[in-house]
Every structure is written in structure tokens, then in C-alpha cells.
There are 2 protein chains.
Amino acid sequence: MLESLDVRQLRYFAVVAEELNLRRAAERLFMAQPPLSRHMKRLEEFLGVALFVRHSRGLTLTTEGERVLEIVRPVLELETATRERLHALRVAGARAPVIGLTTAFEQGVFAALESRLFAAHGPGLRLERATSPRLVREVRRGRVDAAFVALPLDTPGLHVVPLSYAEPLLAVLPEGWPEAAQGRHRLRDLSGKPLFWFRREGHPAFFDHTKRVFAHAGFAPMLKEEPTEHDVLLARIAAGEGMGLFPASFSAIRRTGVVFAALAEGNLLGIRLGLIARTDFEALAESLVRLAKDALTCSINLSAT
Amino acid sequence: MLESLDVRQLRYFAVVAEELNLRRAAERLFMAQPPLSRHMKRLEEFLGVALFVRHSRGLTLTTEGERVLEIVRPVLELETATRERLHALRVAGARAPVIGLTTAFEQGVFAALESRLFAAHGPGLRLERATSPRLVREVRRGRVDAAFVALPLDTPGLHVVPLSYAEPLLAVLPEGWPEAAQGRHRLRDLSGKPLFWFRREGHPAFFDHTKRVFAHAGFAPMLKEEPTEHDVLLARIAAGEGMGLFPASFSAIRRTGVVFAALAEGNLLGIRLGLIARTDFEALAESLVRLAKDALTCSINLSAT
DNA sequence: GTTCCGTCATACCGAAAAGGTATCGCAAAA
DNA sequence: TTTTGCGATACCTTTTCGGTATGACGGAAC
């Protein structure tokens with residue numbers, strides 16, 4: 001099926017033509033390789049000419065491809081310039097920033113930070129709450145100017161500042177389990193138990209991190225799909241369906257039927273707060289880091305609770 | 001929620017800024033008013049400035065709006081030019097045309113036409129079968145170069161050639177109904193019967209046309225949602241659930257349990273074949289018209305069968 | 001002053017497109 | 001021959017976009 005010729009695709013083409021390698025181009029465009037492959041194919045279909053010759057190690061431009069590149073380049077340049085001019089106009093409008101807050105921590109953690117944010121930027125400030133990988137995407141697209149996220153996280157192309165605030169993960173066990181009597185566990189002692197855990201898509205970098213920690217600790221849980229809502233998850237744990245791993249701050253939630261227990265691997269299995277921002281928002285980022293350091297002094301040590 | 005700033009939206013903005021009236025602008029852009037309203041709102045959100053002042057009769061540009069228009073205009077012009085250059089390149093590539101065929105007629109009608117099309121344009125020719133309103137859209141977007149469609153149809157902005165081939169609609173009745181014994185009916189005699197009929201979205205212009213004819217003929221059917229597949233529809237008619245109205249060519253399909261019957265209103269209630277093409281494809285359109293006249297000599301008279 | 005009409009905004013829905021993961025086939029490199 | 005890196009394909013999920021229906025509002029007409 002042919003299509004409508006979007007400027008975005010022309011931009012993709014320009015990058016591919018520069019890299020002559022789809023995977024690398026996709027990386028530069030912050031996307032996966034297959035969609036880019038498809039875009040190039042469709043562009044070729046639309047134009048009715050082959051733009052590339054594919055060989056098993058990369059691509060080369062055909063003469064038509066070079067011609068198209070020449071035709072296309074000026075628009076892309078002008079479009080970039082225009083985008084910048086509009087962006088400048090936007091900044092000139094003294095727009096209040098949009099700041100993201102990860103939902104990875106219990107939201108009470110941000111209480112002090114939030115009031116300071118509003119004090120510093122006025123009531124026009126917008127807060128966006130979402131998962132960390134999603135905030136990364138929003139910051140890249142410019143929908144959000146800066147965001148507090150949970151590390152570890154994949155953030156190529158963004159300005160990242162790890163902050164000193166961090167939390168270990170705690171085991172959350174059904175009250176009925178014999179293990180719930182103890183206050184502290186090694187992961188391996190919980191091996192084989194059903195564990196509510198998220199799907200890799202939701203947070204690939206952190207997922208891979210935990211997988212390594214699990215493997216190293218000799219922990220082989222029986223994974224169960226984690227519900228998206230915290231309260232639902234806690235309810236199902238209380239029902240005895242399995243255990244969960246929560247950032248320590250969630251222990252502020254006291255729910256009947258569940259027990260929070262520290263883990264010996266707390267120093268490895270934890271999340272750390274970080275600030276991300278587009279590289280052109282360093283000024284904002286710096287001021288936010290200062291604010292955060294002021295507001296979040298009460299770091300929970302990673303190795304104990 | 002903010003967003004990513006697409007060139008398309010800038011183009012929409014330019015049109016709105018020119019018309020200073022959302023409904024008219026939407027018409028020029030071949031879209032409905034609400035989506036356009038939303039686009040403008042989002043653009044304003046993204047830029048962080050008000051582009052328009054809304055009053056109850058139309059819009060006026062703010063000074064920021066004028067400024068944005070100035071910034072934006074050059075890109076749009078260059079983009080249009082680039083689009084044309086790429087289009088030219090596409091034409092230079094001697095691409096085989098893509099031709100649409102409406103599914104409103106029984107496909108056997110097009111048998112002779114199809115072989116002539118392939119003879120004229122070679123095996124590279126692509127045929128796209130879809131409903132007529134959908135083909136209109138595809139032609140507008142440039143995915144299809146020209147299309148044979150069923151009239152009446154809304155086709156502003158496109159080159160339209162009504163052809164001499166036309167078909168009345170026939171009533172298709174369950175064999176068990178007493179009316180099935182007669183070979184010809186007035187619509188009003190079938191009033192109150194359940195009729196399988198399509199939803200307005202699928203074909204607004206034709207729907208409105210038939211509504212007028214129905215009203216004029218004193219025909220008030222009990223409408224039932226029509227299944228999308230012809231064979232399914234025939235099966236349900238055969239099951240006695242209701243009747244249908246089919247273009248005459250479908251009577252070539254002999255299905256047990258259903259009876260085709262002519263209608264007195266055949267001269268009003270029918271569809272006519274037409275050719276549509278983008279205005280820059282007139283040459284192709286003319287050659288297609290000649291082909292079609294040659295292939296489709298056997299027109300079925302609208303007033304009898 | 002009340003009614004009517006045109007305009008833009010909102011709510012909701014379905015279709016289309018874009019991006020992601022998993023996986024394959026292939027050719028060059030080891 | 002095996003391995004490795006590449007692009008292509010298949011399939012799924014999420015997002016976006018456009019459409020219809022409908023509401024709120026202000027000027028125009030009576």
C-alpha cells in the first residue's frame with residue numbers, strides 16, 4: 001500500500017542515507033530498526049524508485065536516492081530552522097515548564113518537592129505523572145521539559161543527573177506465608193515462589209538489571225503478570241496469589257494481609273532517583289537538581305531498612 | 001497534553017488563518033470541523049501562545065498568530081515545491097498507475113474492463129478494490145491515481161466523469177415472503193418490512209439520496225444493520241430476516257432462498273458508474289474513459305429489468 | 001425579548017498508522 | 001563450517017487521527 005508522504009519520513013531517509021546502515025540510523029532516531037526498514041520500503045514504493053541497494057553489510061544509495069536526497073535536504077533544513085524559531089517563540093512566551101514525576105516511587109515521596117516546584121515556578125507549572133520510560137519518551141518529544149525518573153534507565157541523547165535519593169526494593173509477602181514471619185530474606189530463599197513482576201516492555205533497562213540480580217542471587221521466581229495498579233497488586237498479594245517487590249517508600253501503605261520484608265540484596269536491588277532533561281534545558285535541570293537536593297534529604301539507605 | 005509539532009498542523013493553521021473560519025477551513029482541507037478545532041487547540045498549547053481570538057462568528061488572528069504565520073509560511077511553500085519535485089520524479093519513473101474499482105457493483109461487471117486495463121498499462125498495473133467513498137479518499141491522498149466509483153457521490157476537488165453505465169437497485173426478498181411471488185414492486189408496498197441497509201458513515205451522499213427517494217415513494221422500512229459481506233447478507237435474507245436492495249448486477253448471483261424483484265422506482269433508485277481522478281491525472285482519466293466506454297457497452301436500463 | 005441560526009468546543013468511537021518484540025534468511029567474516 | 005551482523009517479515013500494542021453526535025454561546029432576525 002502506498003501512502004501520503006510525510007516530512008518525517010523524508011527526515012528518516014536523510015538519516016539513513018547518511019549512516020547507510022539501518023540499525024545505526026534507527027539508533028540515532030531513537031527507534032527500533034524494523035519500523036525504519038518499513039518506512040524506507042514505503043518511501044521507495046511511494047516514489048516508485050529504488051533509493052538503496054541492500055547488501056548484507058549495510059546499504060548504498062542509488063543515483064535516484066542521491067537525487068532525492070538533494071531534493072529533500074533543503075526542506076529538512078528549513079523545517080529544522082522553523083522548528084527552532086517556533087521553539088524560541090515558545091520560550092519567549094515565558095511558558096511555565098512541564099515537569100514529569102515517575103510513578104515508580106510512592107507519590108508521598110514527592111510531596112515536599114512538589115510544593116517547592118510550585119513555589120519556584122508559579123501555579124502555571126504542569127506536572128506529568130507516568131512511568132520512567134514513558135517520561136523519557138515525552139522529554140525526547142518535547143512534551144515534557146524535564147522529569148524525575150527512576151534509574152537505572154536507558155537515556156541516550158538526554159541530559160541525566162543521578163540524585164542521591166535511592167530506595168531498596170522490599171519483598172511484599174502474603175501474611176499467610178510462613179516466610180512472612182521473618183523480617184529479612186535472601187532472594188534465593190524465596191526461589192520458586194510466584195512473583196508479580198512487570199513485563200519487559202514496560203521498563204526494559206530495569207527489567208534486564210533485575211534479571212541479572214536475580215540470576216546472581218540464585219533467585220528463580222515463578223513470574224506472574226503484574227497488575228498496573230498498585231492497590232490491585234497489593235490486594236492480590238493479600239489474597240495469597242504471590243509476592244511482590246516494591247520500592248521501600250510503598251511500605252507507607254499499610255494494607256492488611258501483606259507484610260513488607262527487607263532483602264539481603266537491597267544494595268543491588270533498588271532504584272535511584274534521577275533527573276532527565278533535554279540538552280537544551282540544562283538551566284532548568286540545574287535549578288531542579290538544587291530544589292530536589294533540598295527537598296529530598298531523607299534518603300533511605302540501599303542496604304537496610 | 002502537548003505534542004510533537006507536525007508540518008501538517010502548520011499547514012492546517014495556514015489555511016485556518018486564511019479563512020478565519022474553522023468550518024470553511026475544514027471544508028477546504030476535506031475534513032470535518034471538530035478535528036481541525038482540536039488541531040488548532042493543540043498547536044496553541046504546544047506553542048504556549050494564543051493564535052486566535054474566538055468570537056461567535058469566526059476567528060481573528062492574534063499578533064502572535066500573525067507572527068507564527070510569517071515564520072511558518074516559507075516552510076509550507078518549500079514543502080509544497082519539494083512534494084511536486086518528488087512527484088515529478090515519480091512520474092518520470094514511468095510508474096504503472098494504481099486504479100481503484102468500487103465494490104458497489106458485482107465484480108463480474110468489470111471483467112472486460114480489467115483485461116483491457118492490463119492490456120493498456122502492462123502487468124505492473126495495480127487495482128484497488130474498495131467502497132466508493134473510500135476510493136475518493138485514496139485518490140485525494142494520491143494513493144490511487146484514478147478510480148471507478150458508484151455515483152451519486154460527494155467528490156469536491158476531484159475530476160469526475162459520469163459514465164453511461166448504470167444499474168437500478170433490485171429488491172431481494174426471502175423466498176418465503178408472499179411478496180416474492182410478484183416480479184415487480186412499488187417501494188411503498190414494501191413499507192414497514194425489515195430492510196438490511198448500510199450505515200450512513202459508509203456512504204453519506206448515497207445514503208441521503210436514498211433517504212429522499214424512500215421518503216418520496218412513501219417507503220418507511222424498518223432498518224437493520226447490513227452485514228459488510230454480500231454473501232452474508234444474502235444468507236440472512238434467505239433466512240427470512242429481512243430484505244435487501246442490490247445493484248442489478250448482483251442478480252448474477254443465484255442463491256437459493258432469495259428472489260430478485262424489480263422496483264417501479266428503478267429510474268430513481270440506482271447507481272451510475274463514474275470515474276474520478278485527481279485533477280493532475282486528466283490524461284489518464286481520459287484514456288480510462290475511452291477504455292471504459294469500450295468495455296462497458298452493456299448498460300442496464302435504470303427503469304426496467 | 002424570544003427564537004433561530006451559525007460558530008466553535010467537547011465527548012466518544014472506530015480506523016489507520018507508528019513503533020515495539022521476536023524471529024528469519026542471508027552473506028560476509030572468522 | 002561456524003559465527004556474526006545486517007535487513008526483512010510477522011505479529012502485537014499504543015497512539016493518533018478523523019468522524020459523528022451533541023452542547024454552549026453569542027449575534028441576528030422577528
Side-chain angles (χ1 to χ4, degrees), chain A residues 1-6 8-9 11-12 16 19-27 29-46 50-60 130-131 133-134 136-138 140-141 143 154 199-205 207-208 228, chain B residues 1-6 8-9 11-12 16 19-27 29-46 50-60 130-131 133-134 136-138 140-141 143 154 199-204 207-208 225 228:
Chain A
M1 177 65 66
L2 299 174
E3 57 167 278
S4 47
L5 184 52
D6 187 354
R8 187 193 318 120
Q9 287 164 331
R11 170 150 279 126
Y12 289 173
V16 174
E19 292 286 342
L20 293 176
N21 174 313
L22 277 181
R23 197 184 46 75
R24 274 203 309 274
E27 224 165 76
L29 293 165
F30 300 117
M31 71 194 300
Q33 170 260 319
L36 189 57
S37 177
R38 209 173 33 202
H39 273 299
M40 293 305 102
K41 190 181 161 195
R42 286 187 186 167
L43 187 58
E44 286 181 314
E45 272 177 17
F46 177 77
L51 300 172
F52 304 102
V53 184
R54 277 89 165 158
H55 11 14
S56 69
R57 292 281 142 128
L59 313 167
T60 49
T131 65
R134 197 182 186 101
V136 168
R137 199 174 160 186
E138 303 282 284
R140 283 219 184 93
R141 301 179 110 188
R143 295 185 182 187
D154 243 21
R199 293 196 301 169
R200 188 176 182 281
E201 301 96 274
H203 209 148
F207 185 93
D208 295 340
T228 41
Chain B
M1 178 66 64
L2 300 174
E3 57 168 279
S4 47
L5 183 54
D6 187 352
R8 187 194 317 121
Q9 286 165 328
R11 169 151 278 126
Y12 289 171
V16 174
E19 291 286 343
L20 292 176
N21 173 314
L22 278 182
R23 195 185 47 73
R24 275 204 309 275
E27 223 165 76
L29 291 165
F30 300 118
M31 71 194 303
Q33 170 260 321
L36 189 57
S37 177
R38 207 172 37 202
H39 274 299
M40 293 304 102
K41 190 182 161 195
R42 286 188 186 167
L43 187 57
E44 286 181 315
E45 272 178 17
F46 177 76
L51 299 172
F52 305 103
V53 183
R54 277 90 165 160
H55 9 14
S56 69
R57 292 280 143 128
L59 313 167
T60 49
T131 65
R134 197 185 187 99
V136 168
R137 200 174 160 184
E138 304 282 284
R140 283 219 184 93
R141 300 179 108 185
R143 296 186 181 185
D154 243 21
R199 294 196 300 170
R200 189 175 181 283
E201 302 97 272
H203 208 148
F207 186 94
D208 295 340
E225 175 113 0
T228 42

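In what follows, every chain begins at residue 1, and chains take the letters A, B, ... in the order their sequences are listed.
- Within 4.0 Å of R24(B), counting heavy atoms only, lies no atom of the nucleic acid at all.
- In this structure, of dG5(D), dT15(D), dA9(C), it is dG5(D) that holds the atom nearest to the side chain of S56(A).
- The CZ atom of R38(B) sits 10.5 Å away from atom CD of Q9(B), with the distance rounded to the nearest 0.5 Å.
- Taking atom CD on E44(A) and atom C1' on dG7(D), their separation rounds to 12 Å, with Å as the unit.
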TODO: Verify side chain to side chain contact (heavy atoms under 4.5 Å, CB included) between M40(B) and L51(B), making sure each step is shown before the conclusion.
DONE: CA-CA 8 Å; M40(B) 293 304 102; L51(B) 299 172; 5.6 Å; no

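- In this structure, the CZ atom of F207(A) is 12 Å from the P atom of dT21(C), given to the nearest Å.
- A sub-4.0 Å separation between OP1 or OP2 of dC8(C) and a side-chain N or O of R23(B) is absent.
- The NE2-P distance, from H55(A) to dG7(D), rounds to 10 Å in whole Å.
- Side-chain N/O atoms of H39(B) include one lying less than 4.0 angstrom from OP1 or OP2 on dG18(D).
- For M40(A) and dC6(D), the CE to C1' distance is 16 Å, given to the nearest whole Å.
- Under a 3.5 Å cut-off, the side chain of Q33(B) and the backbone N or O of L22(B) do not form any donor-acceptor pair.
- In this structure, A26(B) and L36(B) approach most closely via the heavy-atom pair N-CD2, 3.5 Å.
- Atoms CG (L20(A)) and C1' (dG7(D)) sit 14 Å apart, rounded to a whole Å.
- With salt bridges taken as basic N to acidic carboxylate O contacts below 4.0 Å, none links R134(A) and E138(A).
- With hydrogens and angles ignored, a donor-acceptor pair closer than 3.5 Å exists between the side chain of R57(A) and the base of dT4(D).
- OP1 or OP2 of dT15(D) has at least one side-chain nitrogen or oxygen of R134(A) nearer than 4.0 Å.
- Nearest to the side-chain atoms of P35(A) among the listed nucleotides dC8(C), dT9(D), dG20(C) stands dG20(C).
- In this structure, N21(B) reaches the dC8(C) phosphate: one of its side-chain N or O atoms is under 4.0 Å from OP1 or OP2.
- The nucleotide whose nearest atom lies closest to any side-chain atom of P34(B) is, among dA18(C), dG20(C), dT20(D), dT20(D).
- Proximity of S37(A) to the phosphate of dG7(D): no side-chain N or O atom is located under 4.0 Å from OP1 or OP2.
- The side chain of R8(B) lies closest to dC17(D) when the candidates are dG20(C), dT9(D), dC17(D).
- Which of dG7(D), dG20(C), dT10(C) sits closest to the side chain of K41(B) comes down to dT10(C).
- Not one side-chain nitrogen or oxygen of R38(B) sits closer than 4.0 Å to the OP1 or OP2 atom of dT16(D).
- Contacts of Y12(A) with the nucleic acid, taken as non-hydrogen atoms under 4.0 Å apart, involve only primed sugar atoms and P, OP1 or OP2.
- Protein atom CG of L36(B) is 9 Å distant from nucleotide atom P of dC8(C), rounded to whole Å.
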Open item on the list: The test is side chain to side chain contact (heavy atoms under 4.5 Å, CB included); show your working for V16(A) and F52(A) and say whether it passes.
Closed with: CA-CA 10 Å; V16(A) 174; F52(A) 304 102; 3.6 Å; yes

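- Separating the CD atom of Q33(B) from the P atom of dA11(C) is a distance of 14 Å, rounded to the nearest angstrom.
- Toward the 5' end of DNA chain C, the nearer of the two residues L59(B) and R137(A), judged by each one's closest nucleotide, is L59(B).
- Distances from the side chain of L22(A) to the nucleotides dT15(D), dA8(D), dG18(D) place dA8(D) closest.
- Distance CZ (F52(A)) to C1' (dA8(D)): 15 Å, rounded to an integer number of Å.
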